[in-house]
Amino acid sequence: MPRRNTIHAAFAEKLDAILSALEMEGNLPPETPRAGVTVEPPRDASHGDLSTNAAMVLAKKARTNPRDLAAKIIEKLDRDADVESAEIAGPGFINLRLAESTWREEVAAIAALGDDYGRSDMGAGTRVNIEYVSANPTGPMHMGHCRGAVVGDALAALLEHAGHEVIREYYVNDAGAQVDTLARSAHLRYREALGEDIGAIPEGLYPGEYLRPVGAALAEELGEKYVSAPEEEWLPVFRSQAVSAMMDLIRQDLALLGIHHDVFASEAELQNAGKPYAAEQWLRARDLVFDGVLEAPKGKTLDDWEPVELPLFRSTKFGDDQDRPIRKSDGKWTYFGADLAYHMQKAEDADALIDIWGADHSGTVKRIKAAVAALSEGEGRAITFDVKLVQMVNLLRDGEPVKMSKRSGNFVTLAEVVEEVGKDVVRFTMLTRKPEAQMEFDFAKVIEQSKDNPVFYVQYANARIHSTLRRAAADGIAPSHENIDLLGTADLALVKQAAQFPRIVEAAAQAREAHRIAFYLYDLAAAFHAYWNAGNDDAAKRVITADRDLTAARLFLVSQVAQVIRNGLAILGVEPVEEM
RNA sequence: GCGCCCGUAGCUCAGUCGGAUAGAGCACCAGAUUCCUAAUCUGGGGGCCACAGGUUCAAAUCCUGUCGGGCGCACCA
């Protein structure tokens, strides 16, 4: 697969070579550390195409002042054919303007790379396991799960584009008390399906209608065998059937969003395979698990609290506030005990782990990070581990909060929302805010067809380009790179925006923030709309002009802009629209 | 009481491993349509980057503290 360095990366290399040359010449001490030296586009475009802070960062080490050092660097940069001008600015920045030919070549590069433009080999050789969604298998997905699902899925795609090998994983919590509750709820629906009047669903069981078909299927398969049998006889059967049915529901819901996991890891299987026990032994051997008694929780009073000796993981050794029990007094594994083993299992097959969690789990981040740190230390192998907390989404309809009550089973399901506004709108909207900030999701606003709505703004840019291509094709004009030299300053300004894409992908992957792609696409769309609009005042600035050669070159240019939009949307999992 | 996240224009939010005069949209004001999609665009006003210290060539960004909002603090999941 073709990979190409960004223009910025290419210049970072050139600068590096220049600094080495300066060391050879004695203008810099040998092997001067270059941490902190950056080559970036300046915020203010009037400062040029690229800017470096090298002179300011290194001046002290060179025993000179930034401006003198900058002059020496500029002297060498000026010899580069790709550099049109290099000048000192402000406290010692070096601002570069690149030759127009460099930007013309970039348009051709986008065309040559096509769907691969923006891909990078940055993460080559790194296997990343990203666990997201992991909703409990007790019902269909609701909007509370949606943001984490989209954020995780987009991050997975982003990391792939940046060259990582990615495992998309879902942890199925099929071993706790709530799947027993699910089984009991299913049993009730099973009796109902066999004609029994079950009345109101008792408190503590799941009241949702979605369990009716599960009960009906169980009735059909099992007959009346378990109607009055003791619970211990039917519970395992109903549990496994109900969980399986719920996971089918969840997979359907995820498919509506275009999400498909590689691995569904079962907590029950993990426990049956003895993984938590093995983890406990491993930790005990390192004195990281001991039998101890926890203090009573502070800040709130618990009537039924009493001290008990439990096997505790020394998470305080790795920054947690208190040690955490891995087993309960009844001998069963705590959620954490199993989760700890689960992370060890994931780490067997990956260099880096990422968990996407809801913000309501923020309290458990430290202990699981402690567990992975212990594993990393014990194995003498660096395991990168990130927990991304996704904040709540407040649903609004015309500005009014949508009421939800989980207890009554009256929640807004993901399927309903996707049906109402569409997959692409849901996905893009979820990525128009950084995940750790709360967001509002207003049904009216997200489908609004105006520039307030980033989804449409970006889609519209792409549709406009395709509309233009169609129209030109009808006149017998096709995009062509033949006359790319005809592209002028205004055309190349658009190229510069499009050429940021590979760099944005790398930076977003490094920061593990997929939302940057969404914001970038908005900026690119804005640049395109502005470019387009210039044609309203001046016919010579239109894409389709009287000059067929120029038209072909501009069609080539805008079709590459469309290519970049398409590539960016692909990371977000949004389908590009060619006609609106 | 403790932990985590957040605090940037009237509103909703960006802000690149610390960089130049802090940006965008909405709203507000003034304009643009013989037009390739006006589902749009151009220009303008609007800021103590919550507050107070600190770190350094340079702080919205890093550190400490205070205030405000959210989430969480069981052997639950």
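Not measured: the values here are computed from a predicted model. Below, chains carry the letters A, B, ... as their sequence lines are ordered, and counting in each starts from 1. In what follows, every heavy atom counts, from backbone to side chain, and hydrogens, waters and symmetry copies are set aside.
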Check every atom of [options] against the side chain of [X] and return the nucleotide holding the closest atom.
X	options	result
A:Y460	B:U12, B:U37, B:C41	B:U37
A:S329	B:C41, B:C75, B:C13	B:C75
A:A463	B:U16, B:A77, B:U37	B:U37
A:Y457	B:A77, B:U37, B:U40	B:U40
A:N536	B:C13, B:G15, B:A38	B:A38
A:P325	B:C75, B:G72, B:A20	B:C75
A:M56	B:C75, B:C71, B:G19	B:G19

inquiry  = Looking at A:L550, is its backbone amide N or carbonyl O close enough to the side chain of A:D547 to form a donor-acceptor pair, meaning the two atoms are under 3.5 Å apart?
reply    = yes
ask   = Okay, side chain of A:Q459, backbone of A:V577: is any donor-acceptor separation there less than 3.5 Å?
value = yes
request  = Report yes if the ring of A:F519 lies under 5.5 Å from the six-membered base ring of B:A14 with planes under 30°, and no otherwise.
outcome  = no
Centroid distance under 5.5 Å and plane angle under 30°, A:H47 vs B:A20 = yes
Nearest-Å distance once atom P is located in both B:G18 and B:U40 = 38 Å
ask   = ring pair (Phe, Tyr, Trp, His ring centres under 6.0 Å) with A:Y171: which of A:W357, A:F264, A:Y342?
value = A:Y342
request  = Go ahead and write out RNA chain B as dot-bracket, 5' to 3': ( ) for pairs within the strand, [ ] for ones crossing earlier pairs, | when the partner sits on another strand, dots for unpaired; Watson-Crick or G-U wobble, both distances under 3.5 Å.
outcome  = (((((((..((((.....[...)))).(((((.......))))).....(((((..]....))))))))))))....
query = Are the aromatic ring centres of A:F441 and A:F443 under 6.0 angstrom apart?
reply = yes
message = Under 4.0 Å, counting only non-hydrogen atoms across every strand here, what does A:S51 touch: a base, just sugar-phosphate, or nothing?
response = base
request  = Give A:T334 one of three labels, base, sugar-phosphate or nothing, depending on what nucleic acid heavy atoms sit under 4.0 Å from its own.
outcome  = sugar-phosphate
Is it true that [X] and [Y] make a salt bridge, defined as a side-chain N closer than 4.0 Å to a carboxylate O?
X	Y	answer
A:K346	A:D355	yes
A:D68	A:K72	no
A:R327	A:D291	no

ask   = So do the side chains of A:I504 and A:I517 get within less than 4.5 Å of each other, counting heavy atoms only?
value = yes
query = Would you say the side chain of A:N95 and the base of B:A20 hold a donor-acceptor pair, judged only by whether the two atoms sit under 3.5 Å apart?
reply = yes
Under 3.5 Å, which protein N or O atoms sit close to an N or O of nucleotides 22-32 of chain B? Give each pair with its distance.
residue, atom, partner, partner atom, Å
B:C26, OP1, A:K451, NZ, 2.7

message = So, does A:H515 get its side chain near the phosphate of B:G15, meaning an N or O under 4.0 Å from OP1 or OP2?
response = yes
query = When you check the phosphate oxygens OP1 and OP2 of B:U37, does a side-chain N or O of A:R464 lie under 4.0 Å from one of them?
reply = no
key: Donor-acceptor pair between A:S120 and A:E506 side chains, under 3.5 angstrom   = yes
Using nucleotides 3-6 of chain B, report all nitrogen or oxygen pairs with the protein that are shorter than 3.5 Å.
residue, atom, partner, partner atom, Å
B:G3, O3', A:K366, NZ, 3.2
B:G3, N2, A:S362, OG, 3.4
B:C5, O2', A:E436, O, 2.9

